[in-house]
*Asks:* 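Sending over a structure as structure tokens; questions will come in a sec.
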There are 2 protein chains.
Amino acid sequence: MLREAAALLTRRATASMDEIAKAAGISRATLHRHFPGRDALVRALGELGIRRMNEAMDAARLEEGDAVRALRRLVDAAMPEAGFLAFLYSENQLYDDAELKAGWDASDERVAALFRRGQEQGVFRIDLPAVWLTEAYTALIAGCGWAVEDGRIARRDSAHLVTETLLGGALRRQS
Amino acid sequence: MLREAAALLTRRATASMDEIAKAAGISRATLHRHFPGRDALVRALGELGIRRMNEAMDAARLEEGDAVRALRRLVDAAMPEAGFLAFLYSENQLYDDAELKAGWDASDERVAALFRRGQEQGVFRIDLPAVWLTEAYTALIAGCGWAVEDGRIARRDSAHLVTETLLGGALRRQS
DNA sequence: CGCATGTGAGACATCACTGTCTCATCAGAT
DNA sequence: ATCTGATGAGACAGTGATGTCTCACATGCG
């Protein structure tokens, strides 16, 4: 239910509670029984999104082994939740909520720690700060999520495209 | 004036006309004198954003010379307008407007043409489709714009970070 | 079958926001 | 000093959305 709500709000942040309820397949009264207002709904979506991101990171076992492989696992695990990430990324008014912001920052820090680990291992370049690489990771995941929603990118290609772009960039490597 | 309005709407898509007017430094009555309604305002912002993107591409002279250098010029020219791009990117309800969508698609196509040219020149990898690279370009510009707004990235570093990430990715190149 | 729980639909009062209007004020030009 | 055009402030009517409530219905369980 919440996934449909997040999908609609990502596309149209001004959607009414009635429209959200319809997108979620329930009535407005029922939506209101579950969430006492728009703010409560948005917060619940934010919390779910953060939880999903953390689950994806848990599944990717970020602390284990080669940082490159860990990043690949992370993108694979995160891509199915790209819709939520896109929502979290665009719904910046979430940042008014200190608790959600803390959760978001904690998730960001886990990704940043992976990039730093890779830099220490000598596999990631050090001229790009981990803070920025984390930002780029999020932007590409969310952007890819949008592109899949719009049909410009095939869902099955998405993780590969994100990973390859994030790791290797657009430049063709000389042999 | 429109820049402040776009900045607020990027952060908080549900902002009221009164809040938008205050952010723009004018009264609600004056805002209404200039734009007969929220839809008219959003459309005007969209048109301005598309115009700015096209001006950035004109300035970057995308068709000239080496595609890598052209991309660098493009990012340099587009970064100052990252706020508008972020707005265009997140305000997906713009896509309900066929005219704006056509303008947006045309802008996208210019960037995609650059990536294709680079692929034909043999400087960009061909396993990543130009459609995706265009998406990645937009996502990184908008994401960097957000990060600058939030103070996580220094404005002066932004173009460099975007360009280096888009071209070379996070992997450290072996000597 | 009866009961408990949850839901959908719709009515209705309330509220936030919008659109319009008027009037006073201000800035710039003459 | 006067005029013109633009603006800000606030009042007010209208509108869409929200929050609450009631009732009928559906589902699952014992």
Side-chain angles (χ1 to χ4, degrees), chain A residues 1-49 51-52 83-84 86-101 149, chain B residues 1-49 51-52 83-84 86-101 149:
Chain A
M1 167 180 75
L2 287 177
R3 182 188 290 273
E4 306 305 325
L8 176 60
L9 282 171
T10 303
R11 287 195 308 274
R12 202 147 61 72
T14 52
S16 66
M17 295 295 277
D18 195 32
E19 291 172 317
I20 295 167
K22 286 194 170 70
I26 61 177
S27 77
R28 192 164 68 79
T30 299
L31 182 63
H32 205 76
R33 286 189 189 104
H34 288 293
F35 305 103
R38 190 189 191 88
D39 284 351
L41 172 65
V42 166
R43 174 171 298 117
L45 289 174
E47 285 164 1
L48 181 58
R51 191 178 316 126
R52 291 297 181 83
F84 266 118
F87 170 72
L88 284 169
Y89 206 42
S90 63
E91 197 60 31
N92 286 338
Q93 69 208 50
L94 289 173
Y95 294 162
D96 286 345
D97 187 279
E99 201 173 324
L100 277 180
K101 186 169 164 51
E149 285 290 320
Chain B
M1 169 180 69
L2 288 176
R3 181 186 293 273
E4 305 304 324
L8 175 61
L9 282 171
T10 305
R11 288 196 305 276
R12 201 146 61 71
T14 52
S16 65
M17 295 295 278
D18 195 32
E19 289 171 318
I20 294 167
K22 285 193 171 72
I26 60 177
S27 79
R28 192 165 67 81
T30 299
L31 182 63
H32 206 77
R33 286 188 188 106
H34 288 294
F35 304 102
R38 189 188 192 89
D39 283 353
L41 172 65
V42 167
R43 174 171 298 115
L45 290 173
E47 284 164 3
L48 181 58
R51 192 178 315 126
R52 292 294 182 87
F84 266 117
F87 169 72
L88 283 169
Y89 206 41
S90 61
E91 195 62 29
N92 287 337
Q93 68 208 51
L94 289 173
Y95 295 163
D96 288 344
D97 187 277
E99 202 174 321
L100 277 180
K101 185 167 168 49
E149 285 289 320

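Bear in mind the structure is a predicted one, so any value in this text is a computation, not a measurement. Every chain is numbered from 1 and lettered A, B, ... according to where its sequence line falls, protein lines coming before strand lines.
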*Asks:* What's the CG-C1' distance between A/Leu31 and C/dG6, to the nearest Å?
*Replies:* 14 Å

*Asks:* By salt bridge (charged side-chain N to carboxylate O under 4.0 Å, His left out), which residues pair with B/Glu19, not counting sequence neighbours?
*Replies:* B/Arg12

*Asks:* Which atom pairs, one a donor and one an acceptor, fall under 3.5 Å between side chains of residues 28-35 of chain B and the rest of the protein, sequence neighbours left out?
*Replies:*
| unit_1 | atom_1 | unit_2 | atom_2 | d |
| --- | --- | --- | --- | --- |
| B/Thr30 | OG1 | B/Ser27 | OG | 3.1 |
| B/Thr30 | OG1 | B/Arg33 | NH1 | 3.4 |

*Asks:* OP1 or OP2 of C/dT7 versus the side-chain N and O atoms of A/Ser27: is any pair under 4.0 Å?
*Replies:* no

*Asks:* Quantify the bending of the helix from C/dC1-D/dG30 to C/dT30-D/dA1 as the angle between its end axes, each fitted on five pairs, to 10°.
*Replies:* 30°

*Asks:* In this structure, how many angstroms lie between the C1' atom of C/dT20 and the NE2 atom of B/His32, rounded?
*Replies:* 7 Å

*Asks:* Identify, with sequence neighbours excluded, every residue that meets side chain to side chain donor-acceptor pair (under 3.5 Å) alongside A/Arg52.
*Replies:* A/Glu81

*Asks:* Would you mind reading off the distance between A/Arg38 atom CZ and C/dC15 atom C1', rounded to a whole angstrom?
*Replies:* 15 Å

*Asks:* Taking DNA chain D as the partner, which of residues 15-25 of chain A come within under 4.0 angstrom of it by heavy atom?
*Replies:* A/Ser16, A/Met17, A/Asp18

*Asks:* Please find the earliest and latest nucleotides of DNA chain D, in the 5' to 3' direction, that have an atom within less than 4.0 Å of any heavy atom of chain B.
*Replies:* D/dT7 to D/dA11

*Asks:* Which heavy-atom pair separates A/Leu9 from A/Ala15 by the least distance, and what is that distance?
*Replies:* CD2-CB, 4.5 Å

*Asks:* In whole Å, I'd like the distance from the CG atom of B/Leu41 to the P atom of C/dC17.
*Replies:* 16 Å

*Asks:* With sequence neighbours excluded, tell me which residues meet side-chain contact (heavy atoms from CB on, under 4.5 Å) with A/Ala23.
*Replies:* A/Leu8

*Asks:* Using heavy atoms to find the nearest nucleotide of DNA chain D for A/Pro36 and B/Thr30 separately, return the residue whose nucleotide is more 5′.
*Replies:* B/Thr30

*Asks:* Ignoring hydrogens, what is the shortest heavy-atom contact between B/Ala6 and B/Phe87? Give both atom names and the distance.
*Replies:* O-CD1, 3.8 Å

*Asks:* Is a donor-acceptor pair below 3.5 Å formed from side chain B/Arg28 to base C/dG19, judging by atom type as modelled?
*Replies:* yes

*Asks:* Could I get the full list of side-chain contact (heavy atoms from CB on, under 4.5 Å) partners for A/Ala7, not counting sequence neighbours?
*Replies:* A/Arg11

*Asks:* Between A/Lys22 and A/Asp18, does at least one N-O distance fall below 4.0 Å, as a salt bridge requires?
*Replies:* yes

*Asks:* Any idea which heavy atoms bring A/Leu88 and A/Gly49 closest together, and the distance?
*Replies:* CD1-C, 3.6 Å

*Asks:* Please find the pair of heavy atoms, one from A/Arg38 and one from A/Ile20, that lie closest to each other, and give the distance.
*Replies:* NH1-CD1, 4.2 Å

*Asks:* Please report the closest heavy-atom contact between A/Ala86 and A/Thr10, naming both atoms and the distance.
*Replies:* CB-CG2, 4.0 Å

